[in-house]
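Quick note: numbers below take in every heavy atom, side chains included, and nothing from hydrogens, waters or symmetry partners. It should be emphasised that the depicted structure is a prediction, and the values quoted were computed from it without experimental measurement.
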Amino acid sequence: MQPAIALLEFDSIAIGVRAGDAMVKRAPVEITYAGTVHPGKYLVLVGGDVACVEEAYAAGLEAGREALVDRLFLPAVHPDVARILRGARGRVTGDALGVVETRTVASTIGAADRGIKGADVGLVEIRLADQLGGKAYCVFTGAVADVEAAIDLAVDHLEDPRVLVARVVIPEFHEEMLENFKATTEFAPRIHGGGS
């Protein structure tokens with residue numbers, strides 16, 4: 001059985017800390033990650049058994065509703081989403097690349113999960129908030145039609161369509177851009193030589 005995850009995104013650090021504390025007090029979750037992201041938001045991510053994660057999620061909503069920016073509960077997160085959230089990076093394969101960019105971390109994680117579950121694509125990366133002005137994005141790879149399907153699924157089921165910044169599908173991703181992309185999507189490491 002796939003594990004569950006829940007993420008709460010707050011615009012107040014103090015209230016986010018209080019909500020995170022309430023979450024781990026309410027139910028024994030297997031993992032807890034909490035901390036600040038740009039621009040002054042606070043994230044709490046918990047994972048584990050579905051019932052425990054659902055209880056923790058409810059406690060966090062109760063304790064922090066007034067500062068809630070976005071939220072996500074995935075009772076069966078795709079293993080690749082979980083792996084990439086832990087810092088892994090997927091390979092670029094196929095002949096197309098697709099990107100979904102949103103204003104919130106929770107919406108991007110949900111989009112990544114929906115896209116990879118519903119289409120025959122790979123998940124390359126999920127970037128979350130820091131050094132992005134609070135935005136986030138996920139990247140799919142595969143055949144053009146499959147990437148288009150993943151992007152459609154990811155975007156069509158956003159809880160609030162206003163969080164979408166952009167969606168793109170790039171067929172035949174150019175080799176020069178691919179080399180940059182394989183190294184890192186961050187600009188500074190490429191200039192400084194640390195990304196290759």
Peer 1: Kindly indicate whether the side chain of Val17, heavy atoms from C-beta on, has any atom under 4.5 Å from the side chain of Tyr42.
Peer 2: yes
Peer 1: Under the side chain to side chain donor-acceptor pair (under 3.5 Å) definition, can you give me all pairs with a residue in residues 3-12, not counting sequence neighbours?
Peer 2: Glu9-Lys41
Peer 1: Sequence neighbours left out, what passes side chain to side chain donor-acceptor pair (under 3.5 Å) with Thr108? Give chain and number order.
Peer 2: Thr102
Peer 1: Going by side-chain contact (heavy atoms from CB on, under 4.5 Å), name the residues that satisfy it together with Arg91, two or more places apart in sequence or in a different chain.
Peer 2: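 So Arg91 forms a side-chain contact (heavy atoms from CB on, under 4.5 Å) with Thr93.
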Peer 1: So, applying side-chain contact (heavy atoms from CB on, under 4.5 Å) with Asp70, which one of Leu8, Thr104, Val105 is it?
Peer 2: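 Looking at Leu8, Thr104, Val105, the match for Asp70 under the side-chain contact (heavy atoms from CB on, under 4.5 Å) is Thr104.
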Peer 1: Just distance, no hydrogens or angles: give the donor-acceptor pairs under 3.5 Å from side chains in residues 162-172, sequence neighbours left out.
Peer 2:
{"unit_1": "Arg162", "atom_1": "NE", "unit_2": "Asp160", "atom_2": "OD1", "d": "3.0"}
{"unit_1": "Arg162", "atom_1": "NE", "unit_2": "Asp160", "atom_2": "OD2", "d": "3.4"}
{"unit_1": "Arg162", "atom_1": "NH2", "unit_2": "Asp160", "atom_2": "OD2", "d": "3.0"}
{"unit_1": "Arg167", "atom_1": "NH2", "unit_2": "Asp152", "atom_2": "OD1", "d": "2.3"}

Peer 1: With Glu148, which residues qualify under side chain to side chain donor-acceptor pair (under 3.5 Å), at least two apart?
Peer 2: none
Peer 1: Side chains of residues 53-65: which donor-acceptor partners sit under 3.5 Å, not counting sequence neighbours?
Peer 2:
{"unit_1": "Tyr57", "atom_1": "OH", "unit_2": "Arg71", "atom_2": "NE", "d": "3.2"}
{"unit_1": "Glu62", "atom_1": "OE1", "unit_2": "Arg26", "atom_2": "NH2", "d": "2.8"}

Peer 1: The criterion is side-chain contact (heavy atoms from CB on, under 4.5 Å); which residues satisfy it with Leu153, sequence neighbours excluded?
Peer 2: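 Only His157 meet the side-chain contact (heavy atoms from CB on, under 4.5 Å) criterion with Leu153.
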Peer 1: Please report the C-alpha distance between Met23 and Lys25 in whole Å, then the side-chain angles of each, then the deciding distance to 0.1 Å, and finally whether the side-chain contact (heavy atoms from CB on, under 4.5 Å) criterion is met.
Peer 2: CA-CA 5 Å; Met23 292 170 80; Lys25 284 179 176 171; over 6 Å; no
Peer 1: In chain order, what residues pass the salt bridge (charged side-chain N to carboxylate O under 4.0 Å, His left out) check against Asp113, with sequence neighbours excluded?
Peer 2: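 Listed in chain order: Lys117.
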Peer 1: Looking at residues at least two apart in the chain, or sitting in another chain, which of them share a side chain to side chain donor-acceptor pair (under 3.5 Å) with Asp95?
Peer 2: none
Peer 1: Start with the C-alpha gap between Phe10 and Leu68, add the side-chain angles, then the distance that decides, and say whether side-chain contact (heavy atoms from CB on, under 4.5 Å) holds.
Peer 2: CA-CA 5 Å; Phe10 301 98; Leu68 191 66; 3.9 Å; yes
Peer 1: Looking at every heavy atom in both Ala6 and Phe73, which two are closest together, and how far apart are they?
Peer 2: CB-CD1, 4.1 Å
Peer 1: With sequence neighbours left out, write down each residue that passes salt bridge (charged side-chain N to carboxylate O under 4.0 Å, His left out) with Asp80, or none if nothing qualifies.
Peer 2: Arg83
Peer 1: Looking at residues at least two apart in the chain, or sitting in another chain, which of them share a side-chain contact (heavy atoms from CB on, under 4.5 Å) with Ala96?
Peer 2: Val144, Val147
Peer 1: Do any side-chain atoms of residues 27-39 form donor-acceptor pairs under 3.5 angstrom with protein atoms, and if so which ones, sequence neighbours left out?
Peer 2:
{"unit_1": "His38", "atom_1": "ND1", "unit_2": "Asp130", "atom_2": "OD1", "d": "3.3"}
{"unit_1": "His38", "atom_1": "ND1", "unit_2": "Gln131", "atom_2": "N", "d": "3.2"}

